[in-house]
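Each remark here refers to the structure printed beneath this line.
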Amino acid sequence: MSQNVKRVLVSGGAGYIGSHVTVELIEAGYDVVVADNLSNCDMTCFEGVKKITGRNDIPFEMIDCCNAPHVEGLFSKYKIDAVIHFAAFKAVGESVAEPIKYYKNNLISFLNILDAAKNHGGCNVLFSSSATVYGETDKLPVTEESPRQPAMCSYGATKQICEDILADVVRATSAYGDTVNAGTSALGPVKGIALRYFNPIGAHPSALIGELPRGVPNNLVPYITQTAIGKRECLSIFGNDYPTPDGTCLRDYIDVVDLAKAHVAAVARMLDGKMKKNYEIFNVGTGRPVSVLELVTKFEKVNNLKLNYKFAPRREGDITAIWADTSLANKELGWKAERSLEDTLKSAWQWECHIAGK
Ligand code: WQD
């Protein structure tokens, strides 16, 4: 690695969003270290990243970010200029049933990353947050100033708590001088950006990386594609009696490649010294509300297939509607979602066909 190439540590980088971000970072000229304990994924996407980028030299560190010495070791081994922290559990339903598992994993892993970053000369930290922090609100679209509502599940609570932890650590370490990152034992400032994702969907156009949920998918689009390919019998649309145009819930579905590009823009903002505050928050969505039924119908149309679905009772914990005001990210990050919903739904189907060997 030449001296002036910046290196980004991607924790949870073998996962769905982490692998797409790794591709975009490498294609933007960054060096990347991927750390993952493979608790929620296998190496399929990491192998896909190597094929897409043509890079077989991407360091992969199989570590659990809850293990402080392992995280510390990463910062001693590599000169790390920025960290993107994805390593977390994220199943909403599971988090209601197993709060201790979620608080331990999602909080301890992030605390270890922040502690090591502070102790190694400081670092730029990009946190994978979620629109879940907004909860149910009737003031739509939500801006970054919209109040956070009490979390509906432990998963959402960990996202809110981690945002607050990051803000506190940024404030506390701002007193440290700006030391050169990495490898130094000096204390250094931590600067941070939280990206609040709306609903990430789709796959890389190569169909070499995508979402690989373990077991029965919780999320809508993987359940749709698995139904379409025959892995699932029938899609249940949870509730068609909501106060929305067609009775089904409204969400802001953001293409995963667009989402990945927002991470590259945020990393550049931090490394190029363009931040206006030491801790910033951005909504990452399309600003376009889409209903469940609209998405199902569009999926059928663009992929020229018929989906077996039925209307079922509402799912506990679901909110009626949420979509983003993305003007801050558009302006400050110079980023905007570009991929059409049609292309995103085509990519989701192509990925499902790829993993089914079709
Ligand atoms: C979307 C809509 C369901 C499955 C969650 C997390 C969020 C983010 C994305 C991580 C809802 C309906 C779903 C199904 C259905 N995760 N649905 N049948 O709940 O909006 O957000 O995942 O970043 O943080 O909270 O996403 O895809 O589960 O649901 O009708 O089989 O699809 O009721 O209206 P959600 P989802």
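In listed order, ligands and their atoms are each counted from 1. Throughout, residue positions are numbered sequentially from 1 according to the sequence presented.
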If hydrogens are left out, which of [options] has an atom nearest to [atom], that is, the closest non-hydrogen atom?
{"atom": "atom 5 (C) of ligand 1", "options": "Ile319, Asn219, Asn240", "value": "Asn219"}
{"atom": "atom 14 (C) of ligand 1", "options": "Tyr223, Tyr309, Phe238", "value": "Phe238"}
{"atom": "atom 12 (C) of ligand 1", "options": "Leu235, Val292, Ile17, Ile254", "value": "Val292"}

With a cut-off of 4.0 Å, which atoms of ligand 1 are near a heavy atom of [X]?
{"X": "Tyr253", "answer": "1 (C), 2 (C)"}
{"X": "Ser130", "answer": "7 (C), 24 (O)"}
{"X": "Ile237", "answer": "30 (O)"}
{"X": "Cys249", "answer": "34 (O)"}

Taking [atom] as the reference point, the nearest protein heavy atom with its distance:
{"atom": "atom 23 (O) of ligand 1", "answer": "Tyr155 OH, 3.1 Å"}
{"atom": "atom 4 (C) of ligand 1", "answer": "Asn218 O, 3.5 Å"}
{"atom": "atom 7 (C) of ligand 1", "answer": "Thr132 OG1, 3.6 Å"}
{"atom": "atom 33 (O) of ligand 1", "answer": "Asp318 OD2, 2.6 Å"}
{"atom": "atom 6 (C) of ligand 1", "answer": "Val92 CG2, 3.6 Å"}
{"atom": "atom 18 (N) of ligand 1", "answer": "Ser236 O, 2.8 Å"}
{"atom": "atom 35 (P) of ligand 1", "answer": "Asn199 ND2, 3.5 Å"}
{"atom": "atom 8 (C) of ligand 1", "answer": "Phe198 O, 4.3 Å"}

Testing the basics here: between [X] and [Y], what is the closest heavy-atom pair and its distance to 0.1 Å?
{"X": "Arg339", "Y": "Ala203", "answer": "NH1-O, 3.0 Å"}
{"X": "Ser236", "Y": "Ala312", "answer": "CB-CB, 3.8 Å"}
{"X": "Glu136", "Y": "Ala321", "answer": "OE2-N, 4.2 Å"}

Counting N and O atoms only, with roles assigned by atom type, does the side chain of Asn124 sit under 3.5 Å from a partner on the main chain of Asp81, one being a donor and the other an acceptor?
-> yes
For the side chain of Asn219 and the backbone of Val221, is there at least one donor-acceptor N/O pair under 3.5 Å apart?
-> no
Donor-acceptor pair between Tyr155 and Glu94 side chains, under 3.5 angstrom = no
Going by an N to O cut-off under 4.0 Å, is there a salt bridge joining [X] and [Y]?
{"X": "Arg269", "Y": "Glu280", "answer": "yes"}
{"X": "Asp258", "Y": "Lys261", "answer": "no"}
{"X": "Lys6", "Y": "Asp31", "answer": "no"}
{"X": "Glu332", "Y": "Lys274", "answer": "no"}

From Ile237 CD1 over to Phe311 CZ, what is the distance, rounded to the nearest 0.5 angstrom?
-> 4.5 Å
Is there a heavy atom of Phe86 sitting under 4.0 angstrom from any atom of ligand 1?
-> no
Relative to each other, are the rings of Trp349 and Phe299 parallel, tilted or perpendicular (30° and 60° limits)?
-> perpendicular
Can you tell which part of Arg251 has a heavy atom less than 4.0 Å from ligand 1: side chain, backbone, both or neither?
-> side chain
Output yes when the distance from some N or O of ligand 1 to some N or O of Arg315 is under 3.5 Å, and no in every other case.
-> yes
May I ask you to check whether Leu220 has an N/O atom sitting below 3.5 Å from an N/O atom of ligand 1?
-> yes
